[in-house]
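Okay, so here's the structure we're looking at.
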Amino acid sequence: QVPLVESGGGLVQPGGSLRLSCAASGSIYSISSMGWYRQAPGKQRDLVAAITSGGRTTYVDSVKGRFTISRDNAKNTVYLQMNSLKPEDTAVYYCYVVAFNQDYWGQGTQVTVSS
């Protein structure tokens, strides 16, 4: 079973919206936080948003007011609602899960914002 399964990426025009989801396997225990990173060509992988099990959130400044991270603890699933997308948001988005004894990365999903 794949530890993290991502979905929701795709091609969207500037100003459009996408909703990413990441479902963690039931074999992952004691999840403390979940989040999203992104990596554009030629750049490092950076944190976009994160959320703790208690609902505390953090965002990189460039997406504040446009992106919203949420989670369903019962389903071990984290979401990233992305609105008002810009070409600068184009990247591979990776789900990241922090568990008690191990961290996990998703396979990545491509988000392309272009006219």
Side-chain angles (χ1 to χ4, degrees):
Q1 188 175 4
V2 179
L4 304 178
V5 179
E6 299 183 32
S7 63
L11 174 64
V12 65
Q13 294 184 341
S17 298
L18 287 172
R19 181 178 175 86
L20 307 182
S21 65
C22 174
S25 169
S27 64
I28 301 176
Y29 300 102
S30 301
I31 295 175
S32 61
S33 63
M34 308 178 80
W36 296 91
Y37 285 71
R38 67 185 180 187
Q39 186 169 26
K43 302 186 69 175
Q44 67 180 20
R45 188 176 301 183
D46 294 323
L47 177 69
V48 178
I51 185 168
T52 68
S53 59
R56 187 187 185 105
T57 61
T58 185
Y59 300 90
V60 67
D61 287 343
S62 60
V63 308
K64 289 181 178 178
R66 300 188 298 119
F67 291 10
T68 302
I69 188 170
S70 62
R71 65 187 290 175
D72 184 336
N73 290 335
K75 297 181 178 180
N76 276 1
T77 300
V78 63
Y79 306 92
L80 186 67
Q81 179 66 47
M82 305 184 293
N83 299 325
S84 301
L85 283 162
K86 304 175 181 180
E88 305 89 87
D89 297 317
T90 296
V92 177
Y93 285 69
Y94 296 91
C95 179
Y96 181 62
V97 170
V98 178
F100 176 72
N101 61 343
Q102 188 174 346
D103 299 344
Y104 301 86
W105 287 99
Q107 81 280 5
T109 183
Q110 177 70 49
V111 172
T112 302
V113 185
S114 176
S115 59

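In the hydrophobic cluster analysis, where Ile, Leu, Val, Met, Phe, Trp and Tyr join through side-chain heavy atoms closer than 4.5 angstrom, Val98 is grouped apart from Ile69.
In this structure, Arg71 and Ser53 have side chains that are in contact, with non-hydrogen atoms separated by less than 4.5 Å. Ile28 has its side chain within reach of Pro3: a pair of non-hydrogen atoms, C-beta onward, lies under 4.5 Å apart.
In terms of the side chain to side chain donor-acceptor pair (under 3.5 Å) criterion, Lys75 has no residue partners (sequence neighbours excluded). Tyr37 pairs by the ring pair (Phe, Tyr, Trp, His ring centres under 6.0 Å) definition with Tyr96, Trp105, not counting sequence neighbours. For the side-chain contact (heavy atoms from CB on, under 4.5 Å) test, residues two or more places apart in sequence or in another chain that qualify with Ala23 are Thr77. Every side-chain contact (heavy atoms from CB on, under 4.5 Å) that Asp46 has, sequence neighbours left out, goes to Gln44. For the side-chain contact (heavy atoms from CB on, under 4.5 Å) test, residues two or more places apart in sequence or in another chain that qualify with Ser114 are Leu11, Thr112. Taking the side-chain contact (heavy atoms from CB on, under 4.5 Å) definition, one finds that Val111 meets it with Leu18, Leu20, Met82, Tyr93, Val113, sequence neighbours left out.
Within the structure, the disulfide (SG to SG under 2.5 Å) test picks out the following pairs touching residues 78-112 (sequence neighbours left out): Cys22-Cys95. Within the structure, the salt bridge (charged side-chain N to carboxylate O under 4.0 Å, His left out) test picks out no pair touching residues 15-28 (sequence neighbours left out). Legend: disulfide (SG to SG under 2.5 Å) pairs involving residues 23-79, not counting sequence neighbours: none detected. Applying the ring-ring contact (aromatic ring centres under 6.0 Å, His included) test to pairs two or more places apart or on separate chains, none has a residue in residues 44-79. Under the side chain to side chain donor-acceptor pair (under 3.5 Å) criterion, the residue pairs touching residues 2-18 are Ser7-Ser21, Ser17-Asn83, with sequence neighbours excluded. The salt bridge (charged side-chain N to carboxylate O under 4.0 Å, His left out) analysis of residues 86-102, with sequence neighbours excluded, yields the pairs Arg38-Asp89, Arg66-Asp89.
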